[in-house]
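Written below as structure tokens is the structure these notes are about.
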Protein chains: 2
Amino acid sequence: MQEVFDPKAVVLIGVSRQTGVGAYNGLEMLQRFGYRGAVYVVHPHAGEILGQKVYQRLADIPEVPDLAVIAVGRDRVLPVAEECFAKGIRWLIIITQGFADADREGKRLQEALVTAARHCQARIIGPNTMGVMNAFNGFTTAFVDLPRSPDPAPVSLVAQSGALQVGSESFLGPLGKAVDIGNAADLGFVEVLEYLEQDPQTRIIALHIEGLIQGRRFLETADRINRSKPVVIFKTGVSASGAQAALSHTGSMVGEDQIFSAAVARAGLSRVHSALDLQDTLQAFRKLPLLRGRRIGIATPSGALGIIALDALSREDLVSGPLPENIRNIVQPQGPYWHILHNPVDLWPIGMLTGDYLKLAQQTLSGFLADPNIDGIICMLPALSSPLHSNIIASPAFFADLHLERFNKPLVVSLYGDGREVVRRNLDPVPGVAGYFSVEQAAHALGQLYRRYQALKRPTESWRLVAKTNPPAPTEPLLLGQAALEFLAAYQIPVVSGRLTHTPEEAAAAAASSGYPVVLKIIAPEWLHKSDRGGVILNLMTEEAVRAGFERLQYLSALPFSGPVGILVQKQLSGRELLLGIKADSTFGPVIVAGYGGVHTELWGDVVKTLAPVNLAQAREMLASLRSYPLLTGYRGAPPAAIDELAQTLVHLSNLAVAHPTLRELDINPLMATPEGCWAVDARLVWRQN
Amino acid sequence: MQEVFDPKAVVLIGVSRQTGVGAYNGLEMLQRFGYRGAVYVVHPHAGEILGQKVYQRLADIPEVPDLAVIAVGRDRVLPVAEECFAKGIRWLIIITQGFADADREGKRLQEALVTAARHCQARIIGPNTMGVMNAFNGFTTAFVDLPRSPDPAPVSLVAQSGALQVGSESFLGPLGKAVDIGNAADLGFVEVLEYLEQDPQTRIIALHIEGLIQGRRFLETADRINRSKPVVIFKTGVSASGAQAALSHTGSMVGEDQIFSAAVARAGLSRVHSALDLQDTLQAFRKLPLLRGRRIGIATPSGALGIIALDALSREDLVSGPLPENIRNIVQPQGPYWHILHNPVDLWPIGMLTGDYLKLAQQTLSGFLADPNIDGIICMLPALSSPLHSNIIASPAFFADLHLERFNKPLVVSLYGDGREVVRRNLDPVPGVAGYFSVEQAAHALGQLYRRYQALKRPTESWRLVAKTNPPAPTEPLLLGQAALEFLAAYQIPVVSGRLTHTPEEAAAAAASSGYPVVLKIIAPEWLHKSDRGGVILNLMTEEAVRAGFERLQYLSALPFSGPVGILVQKQLSGRELLLGIKADSTFGPVIVAGYGGVHTELWGDVVKTLAPVNLAQAREMLASLRSYPLLTGYRGAPPAAIDELAQTLVHLSNLAVAHPTLRELDINPLMATPEGCWAVDARLVWRQN
């Protein structure tokens, strides 16, 4: 899609004759932004707009432009697009709103557009878009007058809105390229990512995502690119009301946020949760090396700010490192005898004595940089505009003299006071240092750099769903009880031995063959929450008890027993109850679930989800991330459960998930974990009906 | 302490002869800040400093100043202070560092200073302080050249550092008064709060707190003041490492943050967690009325920003209100037929048609303001510096014409784009509207306004500890088992019936009298975690079983049974296990604790803490805030526990806590809750030893 960011020739269709204030004239914006390529304008009335010759018909244009930008009323978009295809134009940006973002008719029009484009092997960006911006060559399709940076940043944005590029100072900081994919009727995140992967002007990629389709392809692409170019994700529509609004804004289907989060984390992508976070993180990736350990050196002009820094670092799971010897030897002796240095290094009392605060700061930063036990640095710097304090305004030379290029450590500076803008300008050109206006933002930048460092250590994984077997789905939409357990057993998921019985005699025989104690359960579609309703009897030790129990449950159920309806007789196990499951996510497909099981499952909500399939290591990680994990490893003297078998069972479960794309939901509750192994005791499968 | 903020005469002791860049000369700063009162300077060498006559001795000064500002070396501070007291000076600000913030000798010097001051009924601010700043009259004791606002804000800061006032643009926004209480050796938060309560120039109070003493007096004062002047708390040292650093910074003892949070919330004070949050919250309280309901009107130029706003509002527990009829009637008809308005109101498609975005925005905001089903408003506004977009730059008149004074609703504006500073200046003078530079900050401001509105509805409460009885503490440092239960019973806390026995015969008799089933427990100081170690036998149904159980436990314990050591025979109850307790907090004194009990207590950490005493309503709130509360109200068909008895037991427990200030710790685990009532089954009390 180089033609879109750097067309040799572009045609604008739907340019207004109005120009100037409030006209939102795309041609005017393009001229002001400084584009030097060939621009054609089509308009029903001949003449000129802004000195530009106007063609009455597209056919009259003497060449085939790379790109058409269409901003006519929604009802005229399809015929105009067809003219473009006829002319041989292969890229369309459709600015016009009123498609899937509006009503049913809009949705129909959008589908017709895509069909027409596919027919001609043409691609569409939008509709409902501001299109693209390229600060390197001055090309833009925005109807807003964007400020153009003389020194574009290697940061590219892919958004589902034009608002972020319009307010990029507020949302992102400096930007080199941007594309608003709008309703993403045709071109989506994956295609743009593939372009940016190859683009030498892009070093960092920011994604504003309302909803995704093709979740697996997205993850595969983003994971691959992220290993060389950081991919930063600002996902919106994470609240229930926000998700609802995303559906009407760009027609985006928003899946469950917990699953999106798990997927993004597993792919090692960086996630941000606010516009400020987005700017701060992009600045960190643009200017700083990664943070390769948790130990931070802290330089501060005030004990109070040192404490604020410790609080903020602790939220990022970072710690203050040991005080370097060279700081103790060089900086401390210059201070008052009673001032013992720690990390945070409080420089003010020393600065008051020596009169040269910045020299001390530089000695301290150099000490941190040189020390192998410090991984990164945060420095609080006062920046006051008063001429009396010009001596503590850190100059460009202050930062250059640190020779940050010799060390592979990030330095974040938290500037405060009315001269902070000045000092930030002083450090902006120096690589290896980034300036923030609050301690918390500076600490968060370090956190993002550390999380990325950790994420890049992950082994590569395959995101495509490849089933090892391809069995047919059952014909029944619902599988319960013994039938469900037998289905699981076929995938090597251990299940408790049991038999569905229809008479007291059968029940007694089943108990004798499984061994006592046993448990009896009503199995029927009407009895899903059987334990809450007394439909389960535990701990039966004798044949008489089994017969009596059978009769009690038969009476309670008030059902005729036959076929899949009856009383299940199971060997009773004692151990920890877990919940295991599968869920089909609208974005990412099969997801597996593990959590604290039994009747209190919903109370604690101690559940972890990840995309299927998982390997053994990932299955172990899932289990270990549960809050109730200690119950499995030998809590307060209890024997540990068989973790290896549990993890292996999760792997088998995930293979089942992959093999059955039409499985909508599977619950194993409980899976009983003992020191000897684990066994599914009850299960339920729901299949998608077409 | 009016003398401190507005002294008729002040004497500076320890002013350097050096002036200008890097001199940190307090006299110079005072002159530049514009103070017009009488200033005396004492210096061992006569002459002039900055045109000011120098007195060689304090005694030579022709009047008694209200205030002395001392900045001599730490070893000379005490003699200088004593000279001041001799002269009759009653207020001292001690700038000098190196006291409790440094070493043991510093701590001793600080104590000597306080003793000397008390002796003369004089008061000390500091040491280790920047002192005070008063932008109204130009008085400051700072050694830093502070910018002085020509129009001081009614916001006063009490801090444990000078850094916040030095960088107030970064930390607080506009400020009228500030005091750094430094080590708070003498004057603390309470005294300053009492002054600010009476101060007509103070409307909002910001507190930067590292550590508190006299927690109850502080809460009493802050709660009272907060009902008329918002008290906003920025607590630092909340992480373990931060708390450790606070101890060495100002010698502040930092209690447990969960308890500090509970205390602040119960007193209805506003809390912030970062410097940005502090500024944003102060701006909200300075400029906006409270938010009196959860329903927000949202006006946006972009669907994407509307979604971001919904996400942000949802984090603040706010919701989008219904679309007002007058917006549907007035705004919607101006747009394209396919554009159906919702809340968030997306104005862009309509603005492109009408060409007057700001008029639509104003109609929309007016619609929200007038509608009784909307409680507050968030408005995203583009602000672009391009001359082509001057038509969408909201002018001062835009905001004035909303007549916000007629409505009692907060309007927060999220500005984006390179013209945002301009628009913020335009709205700054208009009351009822506040401008933020991100959607999340604007939404958070609304959240703070709503939380304050809710907090002000709390009934007043008494924060002083008044014991209803004043019984002696037990002479034993540790009370366990039956003795502990008997102690609880004296405070009307229901306890399970049981008897400590020393022989199998005694045990059998005890079981017969309590009724079966019973439980046996080893009681001995070495057997605190008895259930983990097999020291408990449950569910004994017969005399033989009791005798056999007794012998097994006796063998297991390997202890001679006599006095408080033996086997406890208790009636066995079945129900929900809770944990109840008392803890002495270093800042706030007795705290009561309630949580999910039994062996999984530590796993789930489902525990709530609040200051003792509590009334019935507060006890009910405590229980209801537990994650495991549903277990008490009838979880999945189980019968509900006796909530009234539980709450009443918490009230009794809190009375016990108040009656015994030397109680260090009390645990009831478990307290068994059944539908009929609740009973303490096991308890442990630890007393402070003096």
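So that the names make sense, note that chain A is the first sequence line, chain B the second, and so on, each numbered from 1. Small disclaimer: the values here were computed from a predicted structure and weren't measured.
Looking at B/Arg533, neither its backbone nor its side chain comes within 4.5 Å of chain A, counting heavy atoms on both sides. Interface residue B/Glu440: only side-chain heavy atoms are found under 4.5 Å from chain A. B/Leu384 touches chain A through its side chain: at least one heavy atom from C-beta onward sits under 4.5 Å away, while N, CA, C and O do not. Heavy-atom distances place no part of B/Pro336 under 4.5 Å from chain A, backbone and side chain included. Interface residue B/Pro387: backbone and side-chain heavy atoms are both found under 4.5 Å from chain A. When heavy atoms are compared at a cutoff of 4.5 Å, B/Met380 does not approach chain A at all.
Interface summary for chain B: among A/Gly98, A/Ala159, A/Gly605, the most heavy-atom pairs under 4.5 angstrom belong to A/Gly98. Contact count against chain A (heavy-atom pairs under 4.5 Å) is highest for B/Phe234 among B/Tyr357, B/Phe437, B/Phe234. Chain A forms the most heavy-atom pairs under 4.5 Å with one residue out of B/Ala309, B/Pro349, B/Gly355, B/Ser438, and that residue is B/Pro349. Options B/Asp145, B/Asp103, B/Asn391, B/Asn25 differ in how many heavy-atom pairs under 4.5 Å they form with chain A, and the most are formed by B/Asp145. Among A/Gly637, A/Ser385, A/Ala275, A/Gly106, the residue making the largest number of heavy-atom pairs under 4.5 Å with chain B is A/Ala275. When each of B/Ile392, B/Val144, B/Thr19 is scored by its heavy-atom pairs under 4.5 Å with chain A, the top score falls to B/Val144. The candidate from A/Met29, A/Arg315, A/Arg636, A/Glu602 with the greatest count of non-hydrogen atom pairs under 4.5 Å with chain B is A/Arg636. Your options are A/Gly306, A/Pro630, A/Pro382, A/Ser628, and the one with the most heavy-atom pairs under 4.5 Å with chain B is A/Ser628.
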Quick one: do B/Asp356 and B/Leu358 satisfy side chain to side chain contact (heavy atoms under 4.5 Å, CB included)? Show the steps, please. CA-CA 6 Å; B/Asp356 194 345; B/Leu358 286 179; 4.2 Å; yes

Could you walk me through whether A/Trp604 and B/Tyr596 pass the ring pair (Phe, Tyr, Trp, His ring centres under 6.0 Å) check? CA-CA 11 Å; A/Trp604 298 119; B/Tyr596 181 79; 4.8 Å; yes

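Minimum interatomic distance between A/Tyr416 and B/Ala163 (heavy atoms only, all atoms of both residues): CE1-O, 3.9 Å.
Salt-bridge formation is not detected for the pair A/Arg627/A/Asp606: no Lys NZ or Arg NE/NH1/NH2 atom is positioned less than 4.0 Å from an Asp or Glu carboxylate oxygen.
In this structure, B/Tyr24 has its ring center under 6.0 Å from that of A/His389. A centroid separation of less than 6.0 Å is found between the aromatic rings of B/Tyr635 and A/His600.
Within a 6.0 Å sphere centred on CD of A/Gln18, heavy atoms belonging to other residues, nucleotides or ligands number 12 at most.
Side-chain contact check for A/Gln97 versus A/Arg74: every heavy-atom pair is 4.5 Å or farther apart.
A donor and an acceptor atom, one from each side chain of A/Ser320 and A/Asn343, are nowhere located under 3.5 Å apart.
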